[in-house]
Amino acid sequence: MNCVFCRIIKKEIPSKIVYEDDLVLAFEDIAPQAPVHILVIPKKHYSTVLEMKEEEKELIGHIFMVINKIAREKGFDERGFRVVVNCNPEAGQTVYHVHFHLLAGRQMHWPPG
């Protein structure tokens with residue numbers, strides 16, 4: 001497997017890491033869509049959210065706690081932020097390793113894209 005995010009987790013590809021623990025890695029997106037654009041990824045490889053099973057509900061909860069922690073530490077928790085997860089081509093998924101886009105620092109609009 002030549003997954004770019006797995007290679008970032010292994011530190012084979014450099015990234016600007018924002019947070020890391022045993023389960024999760026968060027790093028700045030190289031093509032930001034907002035002033036703050038952080039990717040939060042599980043260290044275990046899942047190609048899409050469809051591969052995640054009931055057993056991963058604690059991991060998913062942990063990911064959202066990490067997102068909360070980052071939002072508070074970076075100071076955009078009160079102003080607001082958006083979390084986006086794309087699944088498969090029509091949704092815009094281009095890297096097939098589950099990842100959560102944490103976007104902040106500008107007014108978001110609805111509906112998105």
Side-chain angles (χ1 to χ4, degrees):
M1 180 180 348
N2 196 24
C3 170
V4 66
F5 287 174
C6 288
R7 293 184 64 209
I8 289 171
I9 290 165
K10 293 176 188 172
K11 310 291 192 289
E12 295 173 359
I13 297 174
S15 65
K16 293 182 181 176
I17 296 173
V18 173
Y19 177 88
E20 183 174 15
D21 65 25
D22 291 343
L23 301 173
V24 172
L25 182 71
F27 55 95
E28 294 180 8
D29 194 298
I30 61 168
Q33 301 301 304
V36 176
H37 189 166
I38 297 167
L39 299 176
V40 183
I41 64 172
K43 287 187 171 180
K44 182 176 177 184
H45 182 88
Y46 303 92
S47 294
T48 74
V49 294
L50 296 170
E51 288 183 6
M52 301 183 92
K53 304 294 182 210
E54 179 77 18
E55 301 80 51
E56 279 80 48
K57 65 184 175 187
E58 288 184 30
L59 172 60
I60 294 166
H62 179 69
I63 288 168
F64 275 96
M65 293 300 97
V66 168
I67 289 168
N68 288 348
K69 178 181 177 64
I70 293 168
R72 288 186 180 102
E73 287 179 357
K74 297 282 186 183
F76 54 81
D77 54 325
E78 294 296 322
R79 290 185 56 215
F81 58 93
R82 180 170 287 169
V83 178
V84 177
V85 181
N86 301 317
C87 183
N88 284 325
E90 275 194 24
Q93 185 175 7
T94 57
V95 176
Y96 283 81
H97 183 121
V98 168
H99 55 287
F100 295 70
H101 295 264
L102 173 55
L103 303 157
R106 68 169 170 82
Q107 181 66 49
M108 303 289 166
H109 301 283
W110 196 261

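All values derive from a computational prediction rather than experimental measurement.
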Would you say Ile17 ends up clustered with Val4 if hydrophobic residues are merged whenever their side chains have heavy atoms under 4.5 Å apart, either directly or through other cluster members? yes
Taking Arg82 for its side chain and His101 for its backbone only, find out whether a donor-acceptor pair lies under 3.5 Å. no
Kindly give the heavy-atom pair with the smallest separation between Pro32 and His37, and that separation in Å. CA-ND1, 3.5 Å
If hydrophobic clusters are built from ILVMFWY residues whose side chains come within less than 4.5 Å, do Met52 and Val66 share one? yes
Lys16: partners by salt bridge (Lys or Arg N to Asp or Glu O under 4.0 Å), with sequence neighbours left out: none
Counting neighbours of CG on Leu50 that are heavy atoms of other residues, nucleotides or ligands and sit closer than 6.0 Å, is the number greater than 12? yes
Within one Ile-Leu-Val-Met-Phe-Trp-Tyr cluster: Ile8 and Ile70, side-chain cutoff 4.5 Å: no
Suppose we screen for salt bridge (Lys or Arg N to Asp or Glu O under 4.0 Å). Which residues come up paired with Lys57, at least two apart in sequence or across chains? Glu54
Would you please name every residue forming a side chain to side chain donor-acceptor pair (under 3.5 Å) with Glu51, sequence neighbours left out? Ser47
Enter the distance from Leu102:CG to Asp29:CG here, rounded to the nearest 0.5 Å. 11.0 Å
Kindly give the heavy-atom pair with the smallest separation between His45 and Cys6, and that separation in Å. ND1-SG, 3.4 Å
Within the distance-only criterion (no hydrogens, no angle test), does the side chain of His99 pair as donor or acceptor with the backbone N or O of His97 below 3.5 angstrom? yes
Using side-chain heavy atoms (C-beta onward) and a distance below 4.5 Å, is Asn68 in contact with Asp77? no
Indicate the atoms forming the closest heavy-atom contact of Phe5 with Leu39, along with that distance. CZ-CD1, 3.6 Å
I'd like to check Val36 versus Phe76 (side-chain heavy atoms, cut-off strictly below 4.5 Å). Are they in contact? yes
Do other residues, nucleotides or ligands put more than 12 heavy atoms under 6.0 Å from Glu12 CD? yes
Sorted by chain and number, sequence neighbours left out, salt bridge (Lys or Arg N to Asp or Glu O under 4.0 Å) with Glu73 holds for Lys69
Side-chain heavy-atom pair Ile38, Tyr19 within 4.5 angstrom cut-off: no
If you define the side chain from C-beta out and look only at heavy atoms, does anything of Leu23 sit under 4.5 Å from Glu58? no
Show the nearest heavy-atom pair for residues Gly80 and Ala104, with the distance to one decimal. O-CB, 3.9 Å
Looking at side-chain heavy atoms only, is the closest gap between Asn88 and Tyr96 below 4.5 Å? yes
Drop me the distance from Glu90's CD to Gln93's CD, to the nearest 0.5 angstrom. 13.0 Å
Take a 6.0 Å sphere around CZ of Arg79 and say whether it holds more than 12 heavy atoms from other residues, nucleotides or ligands. no
Residue pair Phe81 / Val83, side-chain heavy-atom distance below 4.5 Å: yes
Exercise: identify the closest heavy-atom pair between Val49 and Cys87: CG2-SG, 3.8 Å
Tyr46 with Phe100, same ILVMFWY side-chain cluster at under 4.5 Å: yes
Examine Ile13 and Leu25 and state if one hydrophobic cluster contains both, with Ile, Leu, Val, Met, Phe, Trp and Tyr joined whenever side-chain heavy atoms are less than 4.5 Å apart. yes
Can you name the one residue among Val40, Ile67, Ile41 that meets side-chain contact (heavy atoms from CB on, under 4.5 Å) with Val24? Val40
With Lys74, which residues qualify under salt bridge (Lys or Arg N to Asp or Glu O under 4.0 Å), at least two apart? none
Minimum side-chain heavy-atom gap Lys43-Glu20 below 4.5 Å: yes
Contact check, side chains of Glu56 and Lys44, non-hydrogen atoms, under 4.5 Å: yes
By side chain to side chain donor-acceptor pair (under 3.5 Å) - contacts of Gln107 (at least two apart): none
In short, Ala34 meets Met108 closest at the heavy-atom pair CB-CE, 4.3 Å
